[in-house]
Amino acid sequence: MDILKDKPGSWRGRDSESAQSNVVPVDESRVNDNFDLLNTILTSSKLTSVEEVFRALDGCSISVSAHLVNKILRRFANDWVSAYGFFKWVATTQSCYEHCSDSFDLMVDILGKSKQFDAMWGLVEEMGHEKLVSLATMSKVMRRLSGAGRWKDAIETFHKIEKIGLEKDTMAMNVLLDTLCKERSAMRARDFFFEVRESIPPDATTFNILIHGWCKARKLEEARWTMEDMRESRFIPCVITYTSLIEAYCMDKNFRAVNATLEEMKSNGCSPNVITYTIVMHSLGKAKETQEALRVYEMMKRDGCVPDTSFYNSLIYILGSGGQLRDALSIYEEMHRNGSPPNVITYNTLISSACVHSQEEKALSLLLKMEESSCKPDIRTYSPLLKYCCRRKRTQLLYFLLGDMLKKDISIDLGTYTLLVQGLCRNGKLHQSCSFFEKMVLKGFIPWEHTYEMLLKELERKKLNEEKEIIIKLMARAVEQNSSGYHYARKKNQTG
DNA sequence: ATAGGGTTAG
């Protein structure tokens, strides 16, 4: 392994590919066994410090691979204590194993996401000693700093990257601009860009990032102005540029401007693509302009633009929410035939629509189809089903589904707990409702004010005073937990 | 992560 560390001509070695080929071929079944074991240890007890994780893993004799490490890190992406404890444990106890650069990058991202910035910087420094810091690493650092509202720190980080051996070039600048825009600060991105554009030459991507940032911030005048700047700098607006603008007009439901922009791009020799059409069609569908939306579908076919899975998903959503479940299902069949296979979103959309229309058998048969086609369900697959069960008082089915979720390791989020507590409360299942309220508090979630009041009111009406007192105490406890910062309601947020 | 998808509550 050591020979890889200072590979000549490559200051950043040790990616998981070379690491794997250098050790032993990956044995899938062993990776799975070890994953299950580690997963159990790291999940079973409440681990609140890195030391506790070390103790929990003590005596655990397994050989790790980069593949396994990354799998565990991804599994515990929302639980930095377990992830970081495990990461450190591997580094200190596995004498013939060294973390590869992408494991480091993943760990940096997890720490940044949980706002553990001291630990994050410590890790980056450690990586620096081994020459493992890349632009990918620093992108994660800048993105997480921006995400925490530390825009100044993100910009400072950019100015410091030369000390780490990275270049302050166009690519690095684009990364910072994108993180600033994506974290809701197009203005800071613009100011930064004006400061550095004399020393770092922008490219077309630079302008597209800024234009997209303005569009998302609903500052269309700024977006148009930036497009002029782009032209003056001798870059030609492309399909991405126009699609950003079209999306912004869609958000305003300004379909006149959408059509004008479609014409504008075409007359500039730029054709809309499947993404452009998806955005327009979806937004018409949401505005209940179903006929207009379907016209976009026709237009796209006429233009010879090929639909993909995402496009079909939108179409299914529009048909389903318009009550045309049958048509939605025939689109689903069509997807199998022409090379855009359904994915988890396709199924979720169809199941949700079937539930809304109380087509229980259809919904359950789709769930079964997912299993058959090894498409992994997620929490969004189940929440419409659970909601349906509450609404139609299908208690047995409800518990069957909850058990099924448990088996598949799908944990219930705040939104789903809310749906259960409120749904059961509304339909007279007060004791079950209380029990889910208790579970959500014990999991560290803070119930919405609305949920709490709804439940209290109903308990009062039924004169269930004992239960009422318990709920009041639980709510106080949830609020207390929050203010002491011990537990947080976890934001759903994917690692990327 | 230079552009697109579904979802709670009211």
Side-chain angles (χ1 to χ4, degrees), chain A residues 109 136 139-140 142-144 146-147 170-171 173-183 189 202-216 223 226 230 235 237-248 250-251 265 270 272-283 285-286 307-318 320-321 328 340 342-353 355-356 378-387 390 412-423 425-426 445 447-454 492 494-496:
Chain A
D109 197 44
S139 303
K140 296 193 153 81
M142 291 189 282
R143 195 172 294 283
R144 293 308 180 185
S146 296
T170 308
M171 226 206 293
M173 171 180 73
N174 288 349
V175 165
L176 176 60
L177 289 174
D178 188 51
T179 70
L180 293 172
C181 287
K182 290 262 165 67
E183 305 302 341
D203 60 9
T205 304
T206 314
F207 288 101
N208 283 335
I209 289 168
L210 290 167
I211 291 166
H212 183 239
W214 287 126
C215 287
K216 284 280 178 191
T226 308
M230 181 179 189
F235 293 105
C238 67
V239 60
I240 296 177
T241 326
Y242 289 109
T243 301
S244 294
L245 282 167
I246 287 173
E247 188 187 16
C250 281
M251 289 193 282
M265 68 188 288
C270 179
N273 63 17
V274 62
I275 297 177
T276 323
Y277 287 119
T278 306
I279 290 169
V280 176
M281 182 182 70
H282 190 76
S283 136
K286 280 209 146 167
D308 62 9
T309 299
S310 290
F311 179 87
Y312 280 129
N313 288 346
S314 267
L315 189 54
I316 285 175
Y317 171 73
I318 292 167
S321 47
S340 318
N343 60 15
V344 58
I345 296 168
T346 317
Y347 283 104
N348 292 357
T349 310
L350 281 167
I351 289 174
S352 165
S353 181
C355 288
V356 167
D378 60 22
I379 182 67
R380 295 164 180 89
T381 314
Y382 284 93
S383 51
L385 285 162
L386 300 177
K387 192 180 173 187
C390 295
I412 306 181
D413 61 8
L414 174 63
T416 309
Y417 271 118
T418 304
L419 159 174
L420 287 167
V421 173
Q422 297 187 179
C425 177
R426 248 198 301 272
F445 292 114
W448 297 118
E449 205 62 33
H450 177 79
T451 311
Y452 174 57
E453 268 158 23
M454 176 190 239
K492 50 174 182 178
Q494 65 276 49
T495 329

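So you know, we letter chains A, B, ... as the sequences are listed, proteins then strands, and number each from 1. Values reported hereafter were calculated over all heavy atoms of this structure, with side chains retained and with hydrogens, waters and symmetry mates removed.
- When rounded to the nearest whole Å, the span between CD1 of Ile240(A) and C1' of dA1(B) equals 12 Å.
- Between the side chain of Ser314(A) and the base of dG5(B) there is no donor-acceptor pair of N/O atoms closer than 3.5 Å.
- Lys182(A) has a side-chain polar atom (N or O) that falls below the 4.0 Å cut-off from OP1 or OP2 of dA3(B).
- At the heavy-atom level, Ile209(A) lies under 4.0 Å from the strands shown only through sugar-phosphate atoms.
- Here Thr418(A) lies out of heavy-atom contact (under 4.0 Å) with every strand.
- Applying the side-chain contact (heavy atoms from CB on, under 4.5 Å) criterion to Pro342(A), with sequence neighbours excluded, gives Tyr332(A), Met335(A), His336(A), Thr346(A), Tyr347(A).
- Looking at Asn208(A), its side chain never comes within 3.5 Å of a backbone N or O of Ile211(A) through a donor-acceptor pair.
- To the nearest angstrom, C1' of dA1(B) lies 13 Å from CG of Leu177(A).
- Checking dG5(B), dT7(B), dA3(B) against the side-chain heavy atoms of Thr243(A) singles out dA3(B) as nearest.
- Nucleic acid contact class of Asn313(A) (heavy atoms, under 4.0 Å, all strands): base.
- Smallest separation of non-hydrogen atoms from Ser139(A) and Thr179(A): O-CG2, 4.3 Å.
- For the pair Met230(A) CE and dA3(B) P, the computed distance is 14 Å after rounding to whole Å.
- Taking the side chain of Thr309(A) as heavy atoms from C-beta on, and the options dG4(B), dT7(B), dG5(B), the nearest nucleotide is dG5(B).
- A straight line from CG of Leu176(A) to P of dA1(B) spans 16 Å, rounded to a whole angstrom.
- Atom-to-atom, CD1 of Ile279(A) to P of dA3(B) comes out at 10 Å; the value is rounded to the nearest Å.
- Looking at the side chain of Asn343(A), the nearest of the listed nucleotides dT7(B), dG5(B), dA9(B) is dG5(B).
- The minimum heavy-atom distance between Cys181(A) and Ala189(A), with the atom names listed, is SG-CB, 3.7 Å.
- Atom OG1 in Thr205(A) sits 11.0 Å away from atom CG in Leu177(A) (nearest 0.5 Å).
- The phosphate of dT2(B) (OP1 or OP2) has no side-chain N or O of Lys216(A) nearer than 4.0 angstrom.
- A distance of 9.5 Å separates CD1 in Ile240(A) from SG in Cys270(A), rounded to the nearest 0.5 Å.
- Residue contacts for Tyr277(A): at a heavy-atom cut-off of 4.0 Å it reaches no nucleic acid atom on any strand shown.
- In the set dT2(B), dG4(B), dG5(B), dG4(B) carries the atom at the smallest distance from any side-chain atom of Thr278(A).
- As rounded to whole Å, 18 Å separates atom P of dT7(B) from atom CG of Leu420(A).
- Using a 4.0 Å heavy-atom cutoff across all strands shown, Asp203(A) reaches no nucleic acid atom at all.
- For dT7(B), neither phosphate oxygen OP1 nor OP2 lies less than 4.0 angstrom from any side-chain nitrogen or oxygen of Tyr382(A).
- The base of dA3(B) is not paired with the side chain of Asn208(A) by any donor and acceptor separated by under 3.5 Å.
- Whole-Å rounding puts the Leu350(A) CG to dT7(B) P distance at 12 Å.
- Across all strands shown, Thr205(A) has heavy atoms under 4.0 Å from base atoms, whether or not it also approaches the sugar-phosphate.
- In this structure, Asn174(A) reaches neither bases nor backbone, as no heavy-atom distance under 4.0 Å exists between it and the strands shown.
- Taking atom CE on Met265(A) and atom P on dA3(B), their separation rounds to 15 Å, with Å as the unit.
- Taking only side-chain nitrogens and oxygens, His450(A) comes nearer than 4.0 Å to OP1 or OP2 of dG10(B).
- For the atom pair CD1 (Ile279(A)) and CD1 (Ile246(A)), the distance works out to 8.0 Å, reported to the nearest 0.5 Å.
- Considering only side-chain atoms of Ser352(A), the nucleotide from dG4(B), dT2(B), dT7(B) that sits closest is dT7(B).
- Considering only side-chain N and O atoms, Arg426(A) lies under 4.0 angstrom from the phosphate OP1 or OP2 of dG10(B).
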